[in-house]
Amino acid sequence: MFETILVSACLLGLPTRYDGRSKTSPEVFNHLREKNLRPVPVCPEQLAGLPTPRHPCSFHSGDGVDLLAGSGRLYRSDGREMSASFLRGAELTLTIARLTETRAALLKDGSPSCGVHRICRLQQRVAGQGVNAALLRRSGLRVYSEADL
Ligand code: SF4
């Protein structure tokens, strides 16, 4: 018997990142094997309908927790606000978690969507959560990153 777990698609070798690349993590594959977990690959930004490759995005204020509360703001590198798209991607990822009865998520740290411990705000790496990580955690999923393995 196995449990399912949402996993950031880029960690599994899928080319979903803003630059069209992946971020394959052998540690993630080892972890899935050791714990007998079946991954459900998700990319909230692609689920939101954003293209790949795409402009990088970062927070101008707050983090994912703040954005869920209506105060954080996310912008594309060309200045367009993207907060609503990131929220949509997080909501669709939560829908997948519910459809698959998945209660944990292993996400790529540092991302404005998937960041678990840190995000990028105004070109600085700072402590905080991405929008998707914040919504999944608020909804009761256990959320951790490749940095926790
Ligand atoms: S949104 Fe998440 S899954 Fe998609 S490329 Fe960024 S870190 Fe990876």
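When reading the values below, keep in mind they use all heavy atoms of this one structure, side chains included, and skip hydrogens, waters and symmetry mates. Counting starts at 1 for both ligands and their atoms, following the listed order. All residue numbers in this chain count up from 1 along the given sequence.
The cationic atom of Arg38 (NZ for Lys, CZ for Arg) lies less than 6.0 Å from the six-membered ring centre of Phe2 and within 45° of the ring axis.
Taking backbone and side chain together, Cys43 holds an N, O or S atom under 2.8 Å from atom 4 (Fe) of ligand 1. Residue side and main chain included, Cys10 places no N/O/S atom under 2.8 Å of atom 2 (Fe) of ligand 1.
Here is the list of ligand 1 atoms found below 4.0 Å of a heavy atom in Ala9: 3 (S). For ligand 1, the atoms sitting less than 4.0 Å from at least one non-hydrogen atom of Lys108 are 7 (S), numbered in the order shown with element in parentheses. Ligand-side atoms of ligand 1 in range of Arg54: 5 (S), range being under 4.0 angstrom from any heavy atom. Contact atoms of ligand 1 toward Arg17: 5 (S) (distance under 4.0 Å to a heavy atom of the residue). Applying the 4.0 Å criterion to heavy atoms of Ser111 picks out, from ligand 1, the atoms 6 (Fe), 7 (S).
If you look at Tyr144 and His31, their ring centroids are closer than 6.0 Å.
Not a single donor-acceptor pair under 3.5 Å links the side chain of Asn132 to the backbone N or O of Cys114. Remark: the backbone N or O of Arg118 is paired with a side-chain donor or acceptor of Asp109 at under 3.5 angstrom. A donor-acceptor contact shorter than 3.5 Å is absent between the side chain of Asp66 and the backbone of Ala69.
Looking from atom 2 (Fe) of ligand 1 to the surrounding protein, the closest heavy atom is Cys114 SG, 2.4 Å. Protein heavy atom at the shortest distance from atom 3 (S) of ligand 1 is Val42 O, 3.4 Å.
Checking Gln123 against Ser58 by side-chain atom types alone, no donor-acceptor pair falls below 3.5 Å. Using a 3.5 Å distance cut-off with no hydrogens or angles, the side chains of Glu146 and Ser25 do not pair a donor with an acceptor.
The proximity of Arg21 to ligand 1, defined as any non-hydrogen pair under 4.0 Å, does not occur for either the backbone or the side chain.
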